[in-house]
Trainee: 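Please see the structure below; I have some questions.
Atoms within each ligand, like the ligands themselves, are counted from 1 in listed order.
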Amino acid sequence: MPHNSTADLPVSSSAANRSDQPFDVIREVLDDGSQITNEEAESLNKKNICSEQRLKEEPGSESGDIFSENGEDYPNHKTINHYHQDKRRMSLTSLVAVDPPSSQDAPTRRTINLGHGSDLIYIQRFLPFQQSWSFFHYLDKHIPWTRPTIRVFGRSCLQPRDTCYVASSGLTPLVYSGYRPDAYSWDDFPPLKEILDAIYKALPGSRFNSLLLNRYKGANDYVGWHADDEKLYGPTPEIASVSFGCERDFVLKKKESNHEKTGDCGPAKKKLKKSSKEDQHSFTLKHGSLLVMRGYTQRDWIHSVPKRVKAEGTRINLTFRLVLDITKRFPNFVADQKCDSWNFEVKKDQKLEALDVSEFLSNLLQV
Ligand SMILES: O=C(O)CCC(=O)C(=O)O
Ligand SMILES: [Fe+2]
């Protein structure tokens, strides 16, 4: 149910101390030893195919996996592949009974400087492999996924992926592509707090109060070129993105004044100028990984998760964001607008007095 409760986002919880223990719902499912159905086996098999094969690039897109670690993945993939050979007889428990992580699996953290105040952090093994599958199954089953009709460049279309929105109460609502999702409460999905606690450990000092969830149900689901530069996030939003399930490519491209736009409704215009290498980065987001976009990344770059023929399995992505409270104090700032023109908007608001301006700016800079 959409939330209107007073429950607010906890900054930390006891869950932080038991991040290696999957939550109860999942443990019940995994420990029951029941025979796996054909459908489950098929779905898990697809995930495995998806994560083991190198994803084929679509013609025209440039490859440069700046985050892959020599193509290595979790060593336990072999174990899973073996179980898949006789999928009718294997149990769900066997499927996830992977080797405990060794010291080689320790998370590695990489910072990628995109220049001009934009940067990324990538942690490939942010959450343990097995626990990540537990999160995947929980989210796949318990999140009330919806596939809304959105408007992009004047056209209505079905959003090419499932979505759900979770946020603390009382925040400025999120509106994108003419769609205003109802916000569910964090209390409705306790595992999300565990994931958030893990993020807080990795990013001390960061704060998030909203979460956009996306589910890509196969190769044809995607997110078109966009930047998460809505005004409610301020000019330098930090966005923490956690991925589960099928690996998908994530492509970042530097904004051009006349860059082509595709959005979620398909191509609109042919590209005129070829991007240089530094202007585009393409890489694979692994199961259990964390990607953080910071600084001016939303102002200066656009990103997408393109269709990929071989990406047959389901992928779930969570993007944690901080909604600033500026629109409560300054209702002239409409959440649906993009923030290409922050300075202009500030000057244009005749009602802003000197004191207001400093309050406005400190609101923007609040973390
Ligand atoms: O699925 C992803 O990795 C990205 C999702 C995204 O860009 C968004 O929700 O704004
Ligand atoms: Fe995005």
Trainee: Before signing off on this row, confirm whether His226 and ligand 1 have an N or O atom pair separated by under 3.5 Å.
Mentor: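 For ligand 1, there is an N or O atom that lies under 3.5 Å from one belonging to His226.
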Trainee: To the nearest 0.5 Å, how far apart are OG1 in Thr236 and CE in Met293?
Mentor: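 One finds 13.5 Å between OG1 of Thr236 and CE of Met293.
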Trainee: So, does Lys193 use its side chain to make a donor-acceptor pair with the main chain of Trp186 at under 3.5 Å?
Mentor: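 Not a single qualifying donor-acceptor pair exists.
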Trainee: Mark yes or no: Lys253 above the aromatic ring of Trp225, with NZ or CZ under 6.0 Å from the six-membered ring centre and no more than 45 degrees from the axis.
Mentor: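 Yes.
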Trainee: Starting from atom 3 (O) of ligand 1, locate the nearest protein heavy atom and write down its residue, its atom name and how far away it is, to 0.1 Å.
Mentor: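 Checking every protein heavy atom, the shortest distance to atom 3 (O) of ligand 1 gives Arg315 NH2, 2.8 Å.
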Trainee: So does Arg180 have more than 12 non-hydrogen atoms from other groups sitting under 6.0 Å from CZ?
Mentor: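 Check fails, neighbour count at 12 or below.
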Trainee: Short list, please: which atoms of ligand 1 are under 4.0 Å from a heavy atom of Tyr216?
Mentor: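 Listed by number with element, the hits are 1 (O), 2 (C), 4 (C), 5 (C).
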Trainee: Look at the side chain of Glu230 and the backbone N and O of Leu232, then say whether any donor-acceptor pair between them is shorter than 3.5 Å.
Mentor: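 Pair absent, no side-chain N/O of Glu230 close to backbone of Leu232.
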Trainee: Using a heavy-atom cut-off of under 4.0 Å, does the side chain or the backbone of Arg248 touch ligand 1, or both, or neither?
Mentor: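 It is neither; nothing of Arg248 touches ligand 1.
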Trainee: Would His303 count as a polar contact of ligand 1, with the cut-off being nitrogen or oxygen pairs under 3.5 Å?
Mentor: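 Yes, His303 has an N/O under 3.5 Å of an N/O on ligand 1.
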Trainee: How close do Ser206 and Tyr200 get, heavy atom to heavy atom, and via which atoms?
Mentor: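 Taking every non-hydrogen atom into account, O-CE2, 3.2 Å.
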Trainee: Would you kindly say whether Thr319 and Arg321 are connected by a side-chain donor-acceptor distance under 3.5 Å?
Mentor: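 Yes, Arg321 and Thr319 have a side-chain donor paired with an acceptor closer than 3.5 Å.
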Trainee: Rounded to the nearest 0.5 Å, what's the gap from CG on Leu127 to NZ on Lys286? Could you check?
Mentor: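 Going from the CG atom of Leu127 to the NZ atom of Lys286 covers 15.5 Å.
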Trainee: Can you name the atoms of ligand 1, numbered from 1 with element, that are less than 4.0 Å from a heavy atom of Thr319?
Mentor: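 Reading through ligand 1 atom by atom, the close ones are 9 (O).
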Trainee: Arg215 near ligand 1, heavy-atom distance under 4.0 Å?
Mentor: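 No; Arg215 lies far enough from ligand 1 that no heavy-atom distance drops under 4.0 Å.
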Trainee: What atoms of ligand 1 come within less than 4.0 Å of a heavy atom belonging to Asp228?
Mentor: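 Every atom of ligand 1 under 4.0 Å from some heavy atom of Asp228: 10 (O).
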Trainee: Which atoms from ligand 1 have a heavy atom of Asn214 less than 4.0 Å away?
Mentor: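 Selected atoms, number and element: 5 (C), 8 (C), 9 (O).
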Trainee: In the protein, what heavy atom is nearest to atom 8 (C) of ligand 1, and what distance, to one decimal place, separates them?
Mentor: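 Result: Arg321 NH2, 3.5 Å.
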Trainee: Can you tell me which portion of Arg161 lies within the under-4.0 Å heavy-atom range of ligand 1? Options are side chain, backbone, both, or neither.
Mentor: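 Arg161 to ligand 1: no contact under 4.0 Å from either part.
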Trainee: Need the ligand 1 atom indices (1-based, order shown) with element for anything under 4.0 Å from a heavy-atom of Asn317.
Mentor: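 Contacts of ligand 1 toward Asn317, numbered from 1: 1 (O), 2 (C), 3 (O), 4 (C), 5 (C).
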Trainee: Run the numbers for me: atoms of ligand 1, each under 4.0 Å from some heavy atom of Val305, listed by number.
Mentor: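 Numbered from 1, ligand 1 contributes 1 (O), 2 (C), 3 (O), 4 (C).
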Trainee: Compute the angle centred on the Fe ion (ligand 2) spanning NE2 of His226 and OD2 of Asp228, and express it rounded to 10 degrees.
Mentor: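 That angle is 120°.
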Trainee: Quick check on side-chain contact (heavy atoms from CB on, under 4.5 Å): which of Phe189, Trp133, Phe244 does Tyr138 satisfy it with?
Mentor: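 When Phe189, Trp133, Phe244 are each tested with Tyr138, the side-chain contact (heavy atoms from CB on, under 4.5 Å) holds only for Phe189.
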